[in-house]
Amino acid sequence: MTESIRRSGEYENHENPYQGAPQHASAPVNPEWPPLPAYRPAAQQPVGPTAAGQAPARPADAWSSAAGDGEGGGGTALLTPVAAEPAPVPPKKRTRRGPTALLAAVAIVAAAIGGGSAYGIQELTGKDQVVASSTTTSVVPSSRTGDVASIAAAVSPSVVEINATLGSGSSTGSGVIITSDGEILTNNHVISGASSIKVSTSDGKEYTAKVVGTDSKKDLALIKLENASGLRTATLGNSDGVKVGDTVVAIGSPEGLTGTVTSGIVSALDRDVTVSTDESQGRQQQQQGGGSWPFEFGGQEFNGDTGSSTTTYKALQTDASLNPGNSGGALIDANGNVIGINSAMYSAADATSSTAGSVGLGFAIPINTVKADLATLRAGGSDS
């Protein structure tokens, strides 16, 4: 549009031709001017070539002067179409923190606390359940993994001494507490044929126990303490994750020495160990030879004759010191999980004071074998 230039003093003595005339909101002041928009137009830039002799579009501020002081201008303003407003952004969905999120949070906390949380949950719910875990669970603090003293402090309260009265004498062994009301795992040969069973816990308390179930083919037994509650339970690990060379700790009552702790490594996996299922045969060999249950391995007999009635199972081999009385005790990994029930060890029948003791040849029933047999034992065992 063409700009209007006013010189000083020009039009001062002339009346405004529109002064005093009625104004109508619907009519423009000057017919040549277009109606004012309802909003202040944005500043315009020349778009493309203009008509000959015309200047670029008048700036947006020209609208106020054109409307307010009556200054003239002959052209028509170029208006830019109103830009479309952007589509509203939908609000973000708020994540519902329902039961799933709560359980996930609880799982994280439980994972951070480790094996100790399992015992705490059992006590809070009041359920006498077996506490089981994978080998990744840590019963001891992660900073103390593999520390024998820490493992012993955490697990020793869950290992007991068992004294069984037999018709021809007595038998001493060990056991592992798996429920707070007194279910205890041990070897079948520790309690087989017993007329009475006494159990001593690590704090010196004594209980009477009854046999729940036995499985001579796996050399396992489950006994139950009478009038027991609030006992510290062991955490059962995952023996499938055990590797040769892993650090292990054995806890039991060799020769009646309650709560004895030894350590070593896993020497081998899946050893075929053959033991006697004949109660009288085993007792005879215990009395005649070094006090240990007879077993066979690699075609050789250890601790006496196993007899004609035998069974074979896959065992973990360890060099952790095991002696008579360790049978039924716990073999524990570096995190404090029970990975096996100690069941057989070599003990020389002709041992003297200079040669007596463990020679680093011990075996344990893998805990996964035990867990698979637990329901059968609770139902009375395969021997019932």
Would you sort out whether E161 and K198 count as a salt bridge (Lys or Arg N to Asp or Glu O under 4.0 Å), showing the intermediate values? CA-CA 8 Å; E161 178 183 326; K198 297 293 183 181; over 6 Å; no
Got a second to check how far [X]'s [atom1] is from [Y]'s [atom2], nearest 0.5 Å?
X    : Y    : atom1 : atom2 : answer
K224 : D181 : NZ    : CG    : 4.0 Å
S382 : L377 : OG    : CG    : 7.5 Å
F363 : T318 : CZ    : OG1   : 10.0 Å
L231 : I177 : CG    : CD1   : 5.0 Å
S158 : R232 : OG    : CZ    : 6.5 Å
N335 : T145 : CG    : OG1   : 5.0 Å

side-chain hydrogen bond (donor to acceptor under 3.5 Å, both in side chains) between D383 and S216, worked out: CA-CA 7 Å; D383 297 326; S216 59; 3.1 Å; yes
Go through S196 and T165 one step at a time and tell me if the side-chain hydrogen bond (donor to acceptor under 3.5 Å, both in side chains) criterion holds. CA-CA 5 Å; S196 66; T165 300; 3.3 Å; yes
Which heavy atom of [X] sits nearest a heavy atom of [Y], and at what distance?
X    : Y    : value
A194 : A164 : CB-CB, 3.7 Å
S239 : I367 : OG-N, 3.6 Å
I251 : A152 : CD1-CA, 4.2 Å
A221 : T214 : CB-CG2, 4.0 Å
P254 : N326 : CB-OD1, 3.4 Å
T186 : S174 : OG1-O, 2.7 Å

side-chain hydrogen bond (donor to acceptor under 3.5 Å, both in side chains) with S202: which residues, sequence neighbours excluded?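 For S202, no residue satisfies side-chain hydrogen bond (donor to acceptor under 3.5 Å, both in side chains) once neighbours in sequence are set aside.
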Please determine whether side-chain hydrogen bond (donor to acceptor under 3.5 Å, both in side chains) holds for the pair S200 and Y207, giving the CA-CA distance in whole Å, both sets of side-chain angles, and the decisive distance to 0.1 Å. CA-CA 6 Å; S200 299; Y207 297 87; over 6 Å; no
Check against side-chain hydrogen bond (donor to acceptor under 3.5 Å, both in side chains), S343 and N187: CA-CA 7 Å; S343 58; N187 289 137; 4.9 Å; no
Do [X] and [Y] have side-chain heavy atoms sitting under 4.5 Å apart?
X    : Y    : result
T369 : K314 : no
V140 : D147 : no
D219 : H189 : yes
V273 : I365 : no
I184 : V176 : no
R144 : P141 : yes
I178 : L222 : yes
I339 : N368 : no

Any donor-acceptor pair under 3.5 Å from [X] side chain to [Y] backbone:
X    : Y    : value
N238 : D240 : yes
D215 : L220 : no
T306 : F295 : no

CA sep, side-chain torsions, deciding dist, call: E183, V212, side chain to side chain contact (heavy atoms under 4.5 Å, CB included): CA-CA 9 Å; E183 280 189 346; V212 176; 5.7 Å; no
Please step through side chain to side chain contact (heavy atoms under 4.5 Å, CB included) for the pair L269 and L316, ending with a clear verdict. CA-CA 5 Å; L269 305 174; L316 301 174; 3.6 Å; yes
Is D203 atom CG crowded by more than 12 heavy atoms from other residues, nucleotides or ligands, each under 6.0 Å away? yes
Between K371 and L236, is a side chain to side chain contact (heavy atoms under 4.5 Å, CB included) present by the stated rule, with each step listed? CA-CA 8 Å; K371 289 190 289 187; L236 307 185; 4.0 Å; yes
When the side chains of residues 260-267 are checked against the rest of the protein, which donor-acceptor pairs come out under 3.5 Å, sequence neighbours left out?
residue : atom : partner : partner atom : Å
T260    : OG1  : L257    : O            : 2.7
T262    : OG1  : S321    : O            : 2.8
S267    : OG   : D319    : N            : 3.2

Could you walk me through whether V370 and L185 satisfy the side chain to side chain contact (heavy atoms under 4.5 Å, CB included) test, starting with their C-alpha distance in whole Å, then the side-chain angles of each, then the deciding distance to 0.1 Å, before giving a yes or no? CA-CA 9 Å; V370 178; L185 287 168; 3.4 Å; yes
